[in-house]
Amino acid sequence: GAVVSQHPSWVICKSGTSVKIECRSLDFQATTMFWYRQFPKQSLMLMATSNEGSKATYEQGVEKDKFLINHASLTLSTLTVTSAHPEDSSFYICSARSTGSYESPLHFGNGTRLTVT
Amino acid sequence: SQKIEQNSEALNIQEGKTATLTCNYTNYSPAYLQWYRQDPGRGPVFLLLIRENEKEKRKERLKVTFDTTLKQSLFHITASQPADSATYLCGSGYSTLTFGKGTMLLVSP
């Protein structure tokens with residue numbers, strides 16, 4: 001149980017275009033989802049916390065107008081990278097907890113490899 | 001600022017040996033630490049959680065310890081196998097989880 005599905009698994013786009021990444025909790029409801037970014041051989045860096053029915057909370061240094069997050073239902077959060085540039089190329093991973101406890105482990109999607117040309 | 005650090009160098013061991021990975025934290029006292037496994041191009045998978053009042057936790061060939069004096073958690077894999085080769089992440093936090101850079105483990109036959 002507690003499966004998080006992420007789509008697409010990889011995407012290549014041209015500089016200046018926008019890309020949408022979907023994150024779904026398949027067998028549980030997630031009022032909160034987390035978006036991370038990971039550069040090669042680097043740690044997972046939290047970008048934002050997605051809250052169902054309300055605005056996302058962004059980490060310091062993450063541009064909210066560039067990384068648009070929508071959490072319209074209890075099972076779906078989307079991250080849209082707007083006006084993508086080569087420096088946005090990275091591995092984007094979403095996650096969620098299946099319970100409300102802070103000790104509850106995060107269930108991660110399998111990530112989206114974004115390449116901006 | 002709060003920091004969680006792992007030895008980012010790869011750890012190479014022979015099959016059958018015990019792998020020991022280290023996670024150190026500074027400038028805060030986490031109530032718990034979580035360990036995850038990440039394979040290349042995949043999302044992390046949860047392995048174990050250990051609370052600050054627990055000295056040790058085990059799950060099959062895995063063992064985690066938590067030393068609040070040393071501000072350190074050790075992650076052990078006994079009787080390691082090539083299939084254990086992956087990057088192992090240590091994380092802590094409350095509403096959000098912060099991770100170390102991870103340690104890549106390579107188990108050779």
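Quick note: numbers below take in every heavy atom, side chains included, and nothing from hydrogens, waters or symmetry partners. First the proteins, then the strands, lettered A, B, ... as listed; each starts at 1. Please read these numbers as outputs of a predicted model, since none were measured by experiment.
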Next on the checklist: Quick check: is A:F91 connected to A:L44 through a chain of hydrophobic side chains (ILVMFWY, heavy atoms under 4.5 Å apart)?
Outcome noted: yes
Item to check | Option in B:G100, B:G91, B:A31, B:G93 with maximal non-hydrogen atom pairs under 4.5 Å from chain A | outcome: B:G100
Item to check | Close side-chain approach of B:P44 and A:L106, heavy atoms under 4.5 Å | outcome: no
Checklist outcome for this item: Assert top hit (heavy-atom pairs under 4.5 Å, partner chain A, pool B:L97, B:L49, B:L89) equals B:L97
Are there donor-acceptor atom pairs under 3.5 Å between chain A and chain B, and if so which?
from: A:Y36; atom 1: OH; to: B:L97; atom 2: O; distance (Å): 2.8
from: A:Q38; atom 1: OE1; to: B:Q38; atom 2: NE2; distance (Å): 2.9
from: A:Q38; atom 1: NE2; to: B:Q38; atom 2: OE1; distance (Å): 3.1
from: A:S43; atom 1: OG; to: B:F99; atom 2: O; distance (Å): 3.0
from: A:S43; atom 1: OG; to: B:G100; atom 2: O; distance (Å): 2.9
from: A:R97; atom 1: NH1; to: B:S95; atom 2: O; distance (Å): 2.9
from: A:R97; atom 1: NH2; to: B:Y94; atom 2: O; distance (Å): 3.2
from: A:Y102; atom 1: O; to: B:Y32; atom 2: OH; distance (Å): 2.7
from: A:E103; atom 1: O; to: B:Q34; atom 2: NE2; distance (Å): 3.2
from: A:E103; atom 1: OE1; to: B:R51; atom 2: NE; distance (Å): 2.9
from: A:E103; atom 1: OE1; to: B:R51; atom 2: NH2; distance (Å): 2.7
from: A:E103; atom 1: OE2; to: B:R51; atom 2: NE; distance (Å): 3.0
from: A:L106; atom 1: N; to: B:Y36; atom 2: OH; distance (Å): 2.9
from: A:N110; atom 1: OD1; to: B:G43; atom 2: N; distance (Å): 3.4

Item to check | In one Ile/Leu/Val/Met/Phe/Trp/Tyr side-chain cluster, 4.5 Å: B:I4, B:F66 | outcome: yes
Checklist entry - Does one hydrophobic cluster hold both B:I50 and B:F46, with members joined at side-chain heavy-atom distances below 4.5 Å? => result no
Checklist entry - Given the rule that I, L, V, M, F, W and Y join up when any side-chain heavy atoms are under 4.5 Å apart, are B:L11 and B:L74 in one cluster? => result no
Item to check | salt bridge (Lys or Arg N to Asp or Glu O under 4.0 Å) against A:K66, all qualifying residues, sequence neighbours excluded | outcome: A:D88
Checklist outcome for this item: Contacts of A:P86 meeting side chain to side chain contact (heavy atoms under 4.5 Å, CB included) (sequence neighbours excluded), chain-then-number -> A:S15, A:V116
Checklist outcome for this item: Sequence neighbours excluded, the answer for side chain to side chain contact (heavy atoms under 4.5 Å, CB included) partners of B:V45 is none
